[in-house]
Amino acid sequence: MHPKPKLFHGKFILVNIFPGHKHPLRPFSSDNTSLPIVTELISKQHWKSLKTHLQNASPITLLQQLLDSRVDPCLTLRYFNWSEKEFNLSHSLEHSCMLIHSLANAKRYPKMRSFLYSFVKNENSISVSSIFHAISVSGDSFCASSIIADMLVLAYVNNMKSHLAFEAFKRAGDYGFKLSAVSCNPLLSALVKEDKIEDVEYVYKEMIRRRIEVNAISFNTVINGLCKVGKLNKASDVIQDMKAWGVLPDVITYNTLISGYCKKGRIGKMYKADAILKEMIANEVRPNEITYNILIDGFCKDENLMAAMKVFREMETQGLKPTVVTYNSLINKLGLEGKLDEASGMLDDMVGSGLKPNVVTYNVLINGYCKKGKMKEATDLFDDVVKQGISPTVVTYNTLIYAYCKDGRMEDAFALRESMVDKGTFPDVTTYNCLISGLCREGNITAVRKLINEMLNKGLKVDVVTYNILVDALCNDGESRKAARLLDEMVKMSLRPNHVTYNTLMDGYCREGNLRAALNVRTRMEKEGMRANVATYNVLIKGLCKKGKLEDANGLLNEMLEEGLIPNRMTYEIVKVEMVDKGFVPDIEGHMYNISGS
DNA sequence: ATAGGGTTAG
């Protein structure tokens with residue numbers, strides 16, 4: 001047997017002789033005559049015998065010899081894993097890379113995947129750049145290096161280390177290693193989930209530049225990411241890209257875009273969503289149940305239950321059966337409108353048509369009862385659900401806990417928290433936020449502090465909502481200046497204040513009569529790239545009215561309409577009470593004159 | 001590896 005050329009022999013022997021190692025550096029054997037015996041022992045997993053055979057020789061030297069020999073890399077892998085565990089050591093990065101290269105050359109792909117998965121899982125100290133360096137110097141096959149890099153990216157994604165996956169993606173470009181959609185698509189998907197839209201766009205552009213295979217899933221994922229952050233025009237551009245690339249938009253592409261429009265809070269969004277539906281039909285892409293579910297939920301969220309019901313009926317004429325999700329959207333809307341009889345009638349219809357309600361169905365119905373203050377009905381339904389053998393989720397508990405808090409029944413709220421823990425459902429940030437808001441309403445700051453410490457001790461992190469609750473509590477105490485300091489604290493905790501944060505603070509200043517400060521908050525918000533929304537205008541319009549500046553308030557009202565924002569019930573209420581009832585006739589166009597309706 | 005429903009803050 002001719003030993004393979006030992007390209008890195010000298011170098012790696014030196015690397016592995018690190019000081020303080022408990023094993024003497026004596027080689028396992030002066031010649032390789034016993035290697036066949038050793039491989040036999042490894043293949044039969046006679047670890048005890050192997051250990052006796054090894055005696056005091058270095059397990060690292062044996063690894064080196066196995067890597068240098070022509071032994072089946074799977075045996076070397078088996079020895080690698082055993083020796084790490086047995087001697088409580090970590091083999092060097094270079095040896096790991098040599099092993100992965102030999103597995104790659106033997107096309108042992110599943111073994112490579114699991115090796116890289118556990119490597120990435122356990123390894124927190126080695127930088128991505130040194131891993132890439134080691135990959136490139138530990139093997140001579142460029143193709144193998146590309147496959148390894150590809151699997152490494154995927155291993156990072158699967159270990160929820162998308163930041164490192166992204167870095168590995170960039171390094172792979174530096175080395176010219178060719179990645180595939182198998183790793184890049186999951187990377188895109190992970191980045192979308194984390195709202196890292198700049199990184200999504202970077203990966204997408206690089207995939208095209210590096211001529212990585214871009215398929216429908218890649219395009220759809222990017223479109224979804226852009227829709228999620230409201231960049232709908234860019235999303236449409238990507239559809240053009242995909243056509244140019246010879247990939248036709250499919251039902252998922254259109255559904256993603258329709259959903260994007262449904263969630264955007266601008267004038268005519270449902271009109272636009274409907275236009276895309278027509279476009280997809282024109283392009284001979286058949287809408288499916290999900291398309292209809294998106295539209296139905298969109299209309300419900302747009303306060304247009306009539307239109308939602310119309311689409312619901314149209315769905316049947318298209319030969320598509322409503323699903324549990326369809327019913328859940330409608331039951332949710334009916335419940336929130338307080339139409340609880342209709343909501344439970346809908347539940348009966350759903351069961352009648354052979355569909356089995358799930359926990360979401362019950363959550364929305366329970367929420368409907370809670371929002372109407374019918375706690376008895378809500379808890380009865382909860383008991384019913386449990387009796388049916390459906391496990392309540394953390395959302396079910398949070399719904400009830402919040403209702404108790406809002407009702408001032410803090411003991412009941414805390415008791416339900418105890419009970420959920422007993423049943424093995426653990427409180428999350430939302431549970432704590434509900435309790436914190438209840439305690440703030442009671443003015444029990446000591447208890448709030450205690451709860452926040454408790455959640456931190458449990459490894460839960462406070463979020464934007466937690467801060468918003470505290471900002472509101474301070475503003476209600478006439479302490480808007482202190483509330484403003486919380487914004488700085490948030491930023492230090494790398495939490496981004498959102499519209500609610502700014503609007504709450506503006507409202508606090510307005511109620512203190514400090515309009516100048518409120519307007520400064522708006523400026524600060526816009527500097528952060530966040531445009532005023534309907535609620536922002538409502539707060540400021542009300543603030544101006546309270547100061548008697550009806551002309552200025554009317555100016556803001558017009559500005560809001562020009563921005564394409566839809567006035568809501570609150571807007572009408574403010575305009576009616578603060579302007580119309582005081583004899584001021586708003587000088588605006590269209591539906592704003594119709595003050596009586598909502 | 002891509003699309004749809006449920007809880008909290010103003």
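Throughout, protein chains are lettered first and strands after them, A, B, ... in sequence-line order, and every chain is numbered starting at 1.
- Comparing B:dT8, B:dA3, B:dT2 by their closest approach to the side chain of A:Ile290 singles out B:dA3.
- If you check every strand for non-hydrogen atoms under 4.0 Å, A:Thr393 touches a base.
- In this structure, A:Ile331 places its CD1 atom 17 Å from C1' of B:dT7, rounding to the nearest Å.
- Residue A:His163 qualifies as open at atom NE2: its count of foreign heavy atoms under 6.0 Å is 12 or below.
- The nearest pair of heavy atoms linking A:Arg441 to A:Cys405 is NH1-O, 3.2 Å.
- Residue A:Val500 is classed as a base contact, given a heavy-atom separation below 4.0 Å to a base.
- In terms of phosphate contacts, A:Lys263 brings no side-chain nitrogen or oxygen within less than 4.0 Å of OP1 or OP2 of B:dA3.
- Rounded to whole Å, the distance from OH on A:Tyr467 to C1' on B:dG10 is 18 Å.
- Of all nucleotides listed (B:dA9, B:dT7, B:dA1), B:dA9 comes nearest to the side chain of A:Lys406.
- Each of A:Thr291, A:Thr326, A:Asp297, A:Ile296 was checked for a side chain to side chain contact (heavy atoms under 4.5 Å, CB included) with A:Val311, and the lone residue meeting it is A:Ile296.
- The base of B:dA3 sits with one of its N or O atoms less than 3.5 Å from a complementary donor or acceptor on the side chain of A:Asn288.
- Atom P of nucleotide B:dA1 and atom CG of A:Leu187 are separated by 13 Å, given to the nearest angstrom.
- Heavy atoms of A:Val324 sit under 4.0 angstrom from at least one base atom.
- At a threshold of 4.0 angstrom between heavy atoms, the contacts of A:Ser437 with the nucleic acid are absent.
- In the set B:dA9, B:dA3, B:dG10, B:dA9 carries the atom at the smallest distance from any side-chain atom of A:Val465.
- Of all heavy-atom pairs between A:Asn255 and A:Asn288, the closest is ND2-OD1, 3.3 Å.
- Counting non-hydrogen atoms under 4.0 angstrom, A:Lys371 reaches the backbone sugars and phosphates but no base.
- Using a 4.0 Å heavy-atom distance criterion, A:Asn538 is classed as making no nucleic acid contact.
- Nucleic acid contact for A:Asp428: none, since no nucleic acid atom lies under 4.0 Å from a heavy atom of the residue.
- By the 4.0 Å N-to-carboxylate-O rule, A:Lys310 lies too far from A:Glu314 to be salt-bridged with it.
- Within the nucleic acid shown, A:Thr466 has no heavy atom closer than 4.0 Å to any nucleic acid atom.
- Using a 4.0 Å heavy-atom cutoff across all strands shown, A:Asp463 reaches no nucleic acid atom at all.
- The separation between A:Ile401 atom CD1 and B:dA9 atom C1' is 17 Å, rounded to whole Å.
- Here the closest non-hydrogen pair linking A:Ser344 and A:Leu365 is N-CD1, 4.4 Å.
- Applying the 3.5 Å distance criterion, the base of B:dA1 shares no donor-acceptor pair with the side chain of A:Asn220.
- Among B:dT8, B:dG10, B:dA1, the nucleotide with an atom closest to any side-chain atom of A:Thr430 is B:dT8.
- Between A:Pro427 and A:Arg417 the shortest heavy-atom distance is CG-CG, 3.9 Å.
- Here the P atom of nucleotide B:dT7 and the OH atom of A:Tyr402 are 12 Å apart, to the nearest Å.
- As judged by a 4.0 angstrom heavy-atom cut-off over every strand, A:Lys542 is placed among residues making no nucleic acid contact.
- The side chain of A:His499 sits closest to B:dG10 out of B:dG10, B:dA1, B:dT8.
- Taking 4.0 angstrom as the limit, A:Asn224 places a side-chain polar atom (N or O) nearer than this to OP1 or OP2 of B:dA3.
- Here the P atom of nucleotide B:dA3 and the CG atom of A:Leu295 are 17 Å apart, to the nearest Å.
- Taking every side-chain heavy atom of A:Asn503 into account, B:dG10 is the closest of B:dT8, B:dT2, B:dG10.
- Residue A:Asp250 is out of contact with every strand shown, counting any heavy-atom pair closer than 4.0 Å.
- Distance from the side chain of A:Thr221 is smallest to B:dT2 among B:dT2, B:dA9, B:dG10.
- Protein atom CG of A:Asn367 is 6 Å distant from nucleotide atom P of B:dT7, rounded to whole Å.
- B:dA3 atom C1' lies 12 Å from atom CD1 of A:Ile217, rounded to whole Å.
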